[in-house]
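Notes for the one structure printed next.
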Amino acid sequence: MRTTGYDLGIFEQAVRAYAELRAPVVPLRGEHFNLLGDHFHPLLAVLAPLYRLFPSPLTLLVAQSALLALGAVPLTRWAVRAVGPRAAHAVAAGYGLSWGIASAAAFDFHEVALAVPLLAWSLEALGRRRWRAAVAWAAPLLLVKEDLGFTLAAVGAYIALKGRTERRARRLGLATAAAGLLGSALEIKVLLPALAPTGGYAHGGQLAAAHGSLLSALAHAPLDLLRPDLKATTLILVFAPSALLAPRSPLALIALPTLGWRMASENVFHWGTAFHYSAILMPVVFAGLLDVLGREHDRRHVRAALATVLAVTAVLVPSFPLAQLAQRATWHTTPHLEAARALLARIPDGATVAASNRLAPQLTSRCTVVLFPTFPVGGRLYEYRRKDLPPPTAEWIIHDPEAPEAWPYRRGHWPYPLAQQQAELAAAQRTYGYELVARRDGITLLRRRGTS
């Protein structure tokens with residue numbers, strides 16, 4: 001139960017809807033909320049057949065792990081050509097154990113997992129100057145997330161730059177760059193606002209909030225990209241798995257769109273190393289490393305570089321989520337977890353349930369789930385005003401006052417302080433017609449009167 005409704009439950013509700021041939025309406029995000037109005041990721045539908053066979057949040061987690069691991073295939077194949085079969089193991093280990101991949105795998109599920117193998121194969125094709133194949137692998141990025149059109153444009157710019165002496169390559173590169181830019185612009189300016197309940201792009205204000213306007217934000221960008229210090233630390237850590245060699249390759253330019261919007265954002269989560277934001281960068285970093293090593297004629301330098309890659313990997317692993325595999329708490333089932341599972345089992349399939357954030361993904365495969373207390377309010381993200389909270393309408397409420405520590409969060413209560421959550425729980429019984437079914441180890445299960 002280290003997963004959350006935000007985000008595993010959200011994505012499961014979307015994929016479940018696709019599997020049932022419905023639009024990806026996600027109750028956890030709000031009433032009638034189409035998730036394509038939050039981020040543009042229709043490629044998620046490719047997971048629907050798998051989910052139809054195995055309707056469980058585990059299906060999404062396993063699929064994500066497989067997609068992240070799949071990125072190692074083209075990179076390792078490239079490494080065999082560039083540095084030899086034995087040395088290729090170092091590249092594979094560096095990628096597979098990299099903090100960017102581990103961080104993505106450790107926190108729920110995200111659509112960016114679909115982009116990782118696509119970009120890895122595109123980068124390998126770029127390394128072999130197979131321009132059309134590179135574009136074919138990168139083109140679906142437009143269907144993974146709205147900002148990845150800029151990454152597609154960077155792939156096109158690289159082709160135009162490296163193939164500038166070839167007329168067809170130059171034309172292909174320029175056309176790809178234009179398609180990426182226009183695709184992202186269309187998604188951000190037209191498709192997302194058309195599908196969003198608020199009628200706008202939900203994440204656009206994060207680039208202009210600090211300075212009042214987008215123009216002012218751009219003027220301050222040179223300094224803001226490196227302050228506070230957390231941003232500079234992240235930039236160093238992004239390229240550290242390559243022993244800081246990747247920036248010597250022009251392939252590193254393909255990382256600029258993702259790094260650019262993250263460092264320019266006002267969302268502090270984008271600046272650091274947690275969550276899934278760096279997964280898309282790891283194939284670029286290791287492709288840059290292979291590009292540099294493939295042009296190195298001194299085998300001693302190659303061996304020294306790969307030894308450094310392994311050393312950096314070993315040093316960083318304990319500071320990132322893979323270290324949880326060695327912690328007893330990861331494998332230990334507490335009495336509190338047993339109590340939670342027993343109460344969850346009492347909720348019938350097909351019911352509507354308002355659940356605490358960490359209980360929500362335990363139910364999303366078989367129930368209609370919203371967050372308790374209701375969040376976001378009226379479809380608006382990060383709205384916390386108590387007076388705006390609507391009354392609960394779900395058939396069941398299950399609330400857990402214990403917030404276990406689970407990476408990357410410390411102990412705490414979200415989305416509202418515990419006192420407010422408990423006040424809403426009391427109001428449900430006092431005012432809104434809910435009766436106590438069971439309470440065990442602090443976990444409360446309520447049922448609306450008249451619910452069978």
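Just so you know, these numbers come straight off a predicted model, no measurement behind them.
Taking the centre of each ring, F11 and H41 come in below the 6.0 Å mark. Close placement of the Y277 and H270 rings is indicated, their centers lying within 6.0 Å of each other. Note: W414 and Y6 meet the aromatic proximity criterion, with ring centroids under 6.0 Å apart.
Surrounding CZ of R86 are at most 12 heavy atoms belonging to other residues, nucleotides or ligands under 6.0 Å away. Dense packing is recorded around CZ of R366, with more than 12 heavy atoms of other residues, nucleotides or ligands lying under 6.0 Å away. More than 12 non-hydrogen atoms from other residues, nucleotides or ligands lie less than 6.0 angstrom from CZ of R295. Counting heavy-atom neighbours within 6.0 Å of R171 CZ, excluding the residue itself, gives a total of 12 or less. Atom CZ of R77 has more than 12 heavy atoms from other residues, nucleotides or ligands within 6.0 Å.
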Please evaluate residues Q13 and T364 with respect to the criterion side chain to side chain donor-acceptor pair (under 3.5 Å), reporting the C-alpha separation (whole Å), side-chain torsions for both, the decisive distance (0.1 Å), and the verdict.
CA-CA 6 Å; Q13 287 182 337; T364 42; over 6 Å; no

Take I443 and H336, measure what side-chain contact (heavy atoms from CB on, under 4.5 Å) needs, and give me the verdict at the end.
CA-CA 8 Å; I443 304 169; H336 186 81; 3.6 Å; yes

Determine, stepwise, if the pair L325 / W331 fulfils side-chain contact (heavy atoms from CB on, under 4.5 Å).
CA-CA 8 Å; L325 296 175; W331 310 101; 4.0 Å; yes

Verdict with supporting geometry, T4 and D108, side chain to side chain donor-acceptor pair (under 3.5 Å):
CA-CA 7 Å; T4 64; D108 290 7; 2.4 Å; yes

Between V285 and V238, does a side-chain contact (heavy atoms from CB on, under 4.5 Å) hold up when you go through it step by step?
CA-CA 8 Å; V285 168; V238 162; 3.9 Å; yes

Evaluate the criterion side-chain contact (heavy atoms from CB on, under 4.5 Å) for residue pair L259 and L235; output intermediate values, then yes/no.
CA-CA 8 Å; L259 288 173; L235 290 174; 3.8 Å; yes

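With hydrogens and angles ignored, the 3.5 Å screen pairs a side-chain donor or acceptor of N357 with a backbone N or O of G5. Under the 3.5 Å distance criterion, the side-chain polar atoms of S103 are matched with a main-chain donor or acceptor of T273. Side-chain atoms of W99 come within 3.5 Å of backbone atoms of L237 as a donor-acceptor pair (strictly under, hydrogens ignored). A donor-acceptor contact shorter than 3.5 Å is absent between the side chain of S365 and the backbone of P57. A donor-acceptor pair under 3.5 Å is formed between the side chain of T313 and the backbone N or O of V309. Using a distance-only test at 3.5 Å, with no hydrogens or angles considered, no donor-acceptor pair links the side chain of T258 to the main chain of A255.
In terms of heavy atoms, P193 sits closest to Y201 at CG-N, 4.2 Å. Nearest heavy atom pair, residue L251 against residue A287, reads CD1-O, 3.8 Å. Closest of all the heavy-atom pairs between T234 and G272 is OG1-CA, 3.5 Å. Heavy-atom minimum distance, L8 versus P361: CD2-CB, 4.0 Å. Nearest approach of A104 to L68, heavy atoms of both residues: CB-CD1, 4.2 Å. Of all non-hydrogen atoms in I280 and L119, the two that sit nearest each other are O-CD2, 3.6 Å.
The existence of a salt bridge linking R81 and E124 is confirmed by a sub-4.0 Å separation between a basic side-chain nitrogen and an acidic carboxylate oxygen. For R170 and E166, the salt-bridge test fails: no basic side-chain N is under 4.0 Å from an acidic carboxylate O. Salt bridge R358/D400: absent, no basic N to carboxylate O contact under 4.0 Å.
For the pair F286/P241, a side-chain contact is recorded, criterion being any heavy-atom separation below 4.5 Å from C-beta on. Side-chain contact between V155 and S122 is present, with heavy atoms from C-beta onward closer than 4.5 Å. Considering only heavy atoms from C-beta on, I398 stays 4.5 Å or farther from F372 through its side chain. Residues P42 and L36 form a side-chain contact, since some pair of their non-hydrogen atoms from C-beta on lies under 4.5 Å apart. The shortest distance between side-chain heavy atoms of R262 and W271 does not fall below 4.5 Å. Residues L75 and W121 form no side-chain contact, since every pair of their non-hydrogen atoms from C-beta on lies 4.5 Å or further apart. Residues L141 and T151 form a side-chain contact, since some pair of their non-hydrogen atoms from C-beta on lies under 4.5 Å apart. Contact check for L172 versus V135: side-chain heavy atoms found under the 4.5 Å cut-off.
Atom OG of S278 sits about 9.5 Å away from atom CD1 of I101, to the nearest 0.5 Å. Atom CG of L293 sits about 4.5 Å away from atom CG of L289, to the nearest 0.5 Å. Once rounded to the nearest 0.5 Å, the distance linking CG of L359 with OG1 of T3 reads 9.5 Å. Here the CG atom belonging to L195 is positioned 11.0 Å from the CG atom belonging to D38, to the nearest 0.5 angstrom. Rounding to the nearest 0.5 angstrom, the gap separating the CG atom in L70 from the OG atom in S65 is 12.0 Å. Put simply, CG on L43 and CG on L118 are 7.0 Å apart, with the number rounded to the nearest 0.5 Å.
Remark: the H110 side chain and the Q64 side chain contain no N/O donor-acceptor pair separated by less than 3.5 Å.
Among E146, K145, E187, the one residue that satisfies the side-chain hydrogen bond (donor to acceptor under 3.5 Å, both in side chains) test with H39 is E146.
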